[in-house]
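Everything numeric here is computed off the predicted structure, so don't read it as measured data.
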Amino acid sequence: MKLNLDDNLLDLIGVPQNDRLCEILADILATSSTNRPAQTMAWAYDLIKTGEIEITKDDAAFISDLIKKNQSFIDLAKAQLLEKIEMLKD
């Protein structure tokens, strides 16, 4: 599955902000401590370069868990990332 996050973060009324979702997830991946460091860093680089990554359903669950546990980013950003991942599963 291709997870494309080359979109801007939207505020509560839908106005695009300067932050891009791909950059937010790249930061989450790059600053996480996991048992898959090579994979998370490869995803982070790809997100910065292209705005998207290729993932499996298991990867989607792994990334969703990382997003939910991350305390550095606001719920507004985390909710939009999780929504994009959920859309892949449908």
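Side-chain contact check for Val15 versus Leu10: every heavy-atom pair is 4.5 Å or farther apart.
For CG of Asn18, the number of neighbouring non-hydrogen atoms (other residues, nucleotides, ligands) closer than 6.0 Å is 12 at most.
Ile85 and Phe73 end up in the same hydrophobic cluster when Ile, Leu, Val, Met, Phe, Trp and Tyr side chains are linked at under 4.5 Å. One hydrophobic cluster holds both Ile28 and Ile55 under the rule that ILVMFWY side chains link at heavy-atom gaps under 4.5 Å. In the hydrophobic clustering of this structure, Leu12 groups with Ile74; members are Ile, Leu, Val, Met, Phe, Trp, Tyr whose side-chain heavy atoms approach within less than 4.5 Å, directly or through other members. Tyr45 and Leu21 fall into different hydrophobic clusters, where Ile, Leu, Val, Met, Phe, Trp and Tyr side chains are chained together by heavy-atom contacts under 4.5 Å.
Across all their heavy atoms, Ile48 and Glu23 have their closest contact at CD1-CG, 4.0 Å. Taking both residues in full, the closest heavy atoms of Ser32 and Leu66 are given as OG-CD2, 3.9 Å, listed atom of the first, atom of the second, then distance. Across all non-hydrogen atoms, the minimal contact from Gly51 to Cys22 is CA-CB, 3.8 Å. Between Thr40 and Leu29, the shortest heavy-atom distance links the atoms O-CB, 3.7 Å. In plain terms, the two heavy atoms of Asn8 and Pro16 that are nearest each other are CB-CB, 4.0 Å. Nearest approach of Met1 to Ala60, heavy atoms of both residues: CE-CB, 4.3 Å.
From Leu9, atom CG reaches atom CG of Leu76 across 5.0 Å, with rounding to the nearest 0.5 Å. To the nearest 0.5 angstrom, Asp75 atom CG is 11.5 Å from Gln80 atom CD. Distance check, rounded to the nearest 0.5 Å: CH2 of Trp43 to CD of Glu54 gives 11.0 Å. A distance of 9.5 Å separates CG in Asp6 from CG in Leu47, rounded to the nearest 0.5 Å. How far CD1 of Ile67 is from CG of Leu81: 4.5 Å, rounded to the nearest 0.5 Å. Note that CG of Asp19 is 5.0 Å distant from CD1 of Ile24, once rounded to the nearest 0.5 Å.
Of the listed residues (Leu25, Asn4, Asp7), just one forms a side chain to side chain contact (heavy atoms under 4.5 Å, CB included) with Lys84, and that residue is Asp7.
By the 4.0 Å N-to-carboxylate-O rule, Asp59 lies close enough to Arg36 to be salt-bridged with it.
Side-chain N or O atoms of Glu52 include none that pairs as donor or acceptor with a backbone N or O of Leu5 at under 3.5 Å. Side chain of Lys78 to main chain of Asn70: a donor-acceptor pair is present (N/O by atom type, distance under 3.5 Å, no hydrogens or angles).
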